Visitor: 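Quick one: the structure is below, questions incoming.
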Amino acid sequence: MFLFSVIWFLSETSAAPSLTAEQMSMGMDWLSKFGYLPPPDPVTGQLQTKEALTKAIKAMQKFGGLEETGVLDEETLVLMKTPRCSLPDLSQSESPLRRRRRTLPSQTKWSKRHLSWRIRTFPKESHLLGRDTVRALMYYALKVWSDIAPLDFHEVAGSQADIQIDFTKADHNDGYPFDGPGGTVAHAFYPGERVTAGDVHFDNDEAWTFRSPDSHGMDLFAVAVHEFGHAIGLVHTSAMESIMRPYYQGPVGDPLKYSLPYEDKVRVWQLYGVRDSVSHTAQPDTSHGSDQPVLLDLPENRSTILPDSDIPDRCSAHFDAVAQIRGEAFFFKGLLGKYFWRLTREKHLVSLRPAQIHRFWRGLPTTLDSVDAVYERPRDHKIVFFKGLNYWVFKDNNVEEGYPRPISDFGLPTEGVDAAFVWPHNDKTYFFKGDQYWRYDDYLHRMDLGYPKDSMLWKGIPAQLDDATRWSDGASYFFKGAEFWRVRGSDMEVEAGYPQPIGKDWLLCADMLSDSPAPDANGTDTRLRGQHRASHAGSNYQVCSCTSDSATPLWLRPSFSLLGLLVCFWTLPVALCIDL
Ligand code: ZN
Ligand code: ZN
């Protein structure tokens with residue numbers, strides 16, 4: 001039946017006439033294996049529809065960064081033959097294979113922060129890499145992750161270790177046999193309660209290399225960084241720059257200097273939070289979005305490093321103002337320098353380090369130590385800042401002439417405002433002060449009749465808000481102290497489950513942020529540990545150097561509840577279909 005469907009598809013496919021039946025079969029097999037296409041039903045023998053095949057090929061091309069032609073063209077076949085991990089690329093909810101999967105364990109990250117590791121079996125005697133080299137490469141591949149997240153890895157000598165590393169071959173009794181040189185080359189298991197959780201297996205039949213040209217063997221460090229990413233809970237992404245891309249990408253350079261791509265940093269921060277040392281040694285924000293020609297006019301003096309004591313803590317309550325500007329989120333907090341943090345449309349923090357308001361929006365008085373509320377005006381997309389009895393209107397980065405002006409222009413009371421936002425439901429501007437709110441029509445330049453009203457009409461919203469903002473999900477968000485409340489669509493009522501902590505959901509603050517590394521009690525591998533300290537002290541983290549943030553797709557926030565046990569096979573040219 002499968003052969004029949006291949007022949008049928010071949011006859012239907014005019015765009016790739018040179019395809020052989022073997023190529024076609026390989027393509028369909030590949031699509032099934034990596035979650036793009038359900039395998040032919042063995043009971044009913046139901047055929048793949050042409051639509052399903054075209055859709056599957058397009059999805060594969062999209063994830064792989066190819067043109068979405070929907071046919072198995074040359075480029076697509078080349079990518080399919082690229083060594084890669086055999087874990088499906090699509091999350092369970094996206095995959096047509098989801099119904100065939102078992103119930104998955106709920107835990108997808110480690111609850112502890114100190115993880116032990118051990119190389120249980122080393123590469124065979126004849127191998128190119130010696131034991132010390134392999135140990136050092138494992139050490140540095142783990143350090144890549146612990147440098148930026150509050151995780152600590154320590155090597156242990158006994159039989160117990162969270163992360164057991166094996167160089168093994170063929171069938172090694174975990175149900176996922178290796179297949180000799182060139183086939184499946186490594187796999188890892190997600191965090192969890194299982195005995196195998198966190199374990200990483202490398203195929204002993206591969207020609208593992210280090211500092212070798214791309215064409216020779218498999219770079220052990222690069223594969224190890226990828227596998228340890230899985231071992232701490234990360235899934236695949238399609239980001240070209242990511243180490244968690246499913247395709248083998250060759251060597252990644254000097255293990256002592258390697259730094260994770262920003263995409264991977266953000267994903268591990270979303271799981272575990274940010275390591276303290278990263279926050280404290282971060283450079284000032286010099287990043288900006290690249291897909292939107294807005295607010296790009298950055299201050300000239302970018303290199304000034306502000307003393308840490310002047311910088312407010314993004315993880316502590318509260319924020320003066322929160323606004324959505326050109327689709328991005330801005331969190332304002334006054335403290336000496338008057339700062340803001342910026343998040344992309346995908347709610348992806350541009351930098352851990354705040355930027356200074358005055359350097360970004362030129363024209364606000366330098367004596368201004370905070371702002372009350374900010375919103376983007378719906379009729380002309382100008383940005384309006386409120387402070388006390390005054391407001392300023394900005395066109396992109398520059399203040400308009402004639403400002404500040406009194407907020408009585410809006411018909412607002414003389415005590416200032418707590419919050420201002422545009423309700424997506426009706427495009428009207430809402431102002432909150434104390435326990436009252438006003439509705440303003442920015443198109444007609446006038447306050448609507450019948451206001452102010454009691455803010456209790458917004459059920460569940462607290463009085464004396466810090467600010468509110470619309471967001472691209474169609475909901476409105478209200479902020480006060482360390483918490484926020486969400487109001488969906490046209491509801492005037494807070495959604496169930498709120499308030500939620502602002503820091504965790506918006507600003508990459510995690511509960512474990514204060515979990516400082518404990519001294520090493522094992523005393524193992526002092527040589528490596530010494531190197532670790534030295535290189536750590538000399539590190540100069542560049543967490544704000546991303547420039548591709550605005551191009552980061554939505555899968556940067558993967559749903560980790562969808563996958564439990566990870567079985568990751570690097571395969572060449574085609575993987576076995578592993579159905580968990
Ligand atoms: Zn993988
Ligand atoms: Zn295994």
Side-chain angles (χ1 to χ4, degrees), residues 30 33-36 60 63-64 79-80 82-92 95 108 117-123 138 141-142 144-145 161 163-180 183-192 194-206 208 218-250 252 260-261 263-264 267-268 271 555 558 560 562-572 574-580:
W30 193 102
K33 281 160 189 162
F34 299 115
Y36 294 99
M60 176 271 175
F63 202 94
L79 190 62
M80 284 179 166
T82 304
R84 56 153 292 158
C85 184
S86 74
L87 189 77
D89 296 338
L90 303 181
S91 73
Q92 207 183 2
S95 170
T108 54
W117 65 276
R118 167 190 176 228
I119 304 177
R120 187 160 46 192
T121 50
F122 282 88
M138 296 299 127
L142 285 162
V144 158
W145 299 103
I163 298 171
Q164 300 270 10
I165 300 160
D166 281 296
F167 285 78
T168 182
K169 60 190 269 186
D171 185 356
H172 50 284
N173 300 320
D174 62 1
Y176 308 103
F178 286 123
D179 56 359
T184 56
V185 302
H187 52 243
F189 296 85
Y190 273 133
R194 299 162 194 249
V195 178
T196 52
D199 290 359
V200 176
H201 297 167
F202 297 93
D203 188 349
N204 208 6
D205 281 334
E206 302 305 327
W208 293 110
M218 284 275 173
D219 187 82
L220 183 57
F221 177 72
V223 175
V225 173
H226 177 104
E227 298 303 336
F228 289 139
H230 286 319
I232 60 172
L234 296 187
V235 296
H236 286 153
T237 83
S238 65
M240 285 295 185
E241 309 77 21
S242 173
I243 194 71
M244 298 313 294
R245 190 170 156 78
Y247 303 100
Y248 176 67
Q249 298 160 87
V252 293
L260 285 165
E263 278 76 6
D264 300 312
R267 293 172 76 230
V268 78
L271 268 190
W555 34 255
F560 286 93
L562 298 172
L563 291 162
L565 174 69
L566 172 100
V567 185
C568 173
F569 288 80
W570 293 87
T571 64
L572 177 72
V574 175
L576 291 168
C577 183
I578 304 302
D579 197 6
L580 301 181

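Predicted model only: the values in this text are computed from it and were never measured. Atoms within a ligand are numbered from 1 in the order they appear, just like the ligands themselves.
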Visitor: Which N, O or S atom name in D174 marks its closest approach to the Zn ion (ligand 2)?
Guide: OD2

Visitor: Restricting to N/O/S, name the atom of H201 that gets closest to the Zn ion (ligand 2).
Guide: ND1

Visitor: Check for me whether the distance between the ring centres of F167 and F202 falls short of 6.0 Å.
Guide: yes

Visitor: Quick one: pull up CZ in F189 and CD in E227 and give me the separation to the nearest 0.5 Å.
Guide: 10.0 Å

Visitor: What do you get for the angle at the Zn ion (ligand 1) between NE2 on H230 and NE2 on H226, to the nearest 10 degrees?
Guide: 90°

Visitor: Is the shortest heavy-atom distance from the side chain of Q249 to the side chain of D219 under 4.5 Å?
Guide: no

Visitor: Working to the nearest 0.5 Å, report the span between OG1 of T196 and NE2 of H201.
Guide: 7.5 Å

Visitor: Using a cut-off of strictly less than 2.8 Å, determine whether H236 has an N/O/S atom near the Zn ion (ligand 1).
Guide: yes

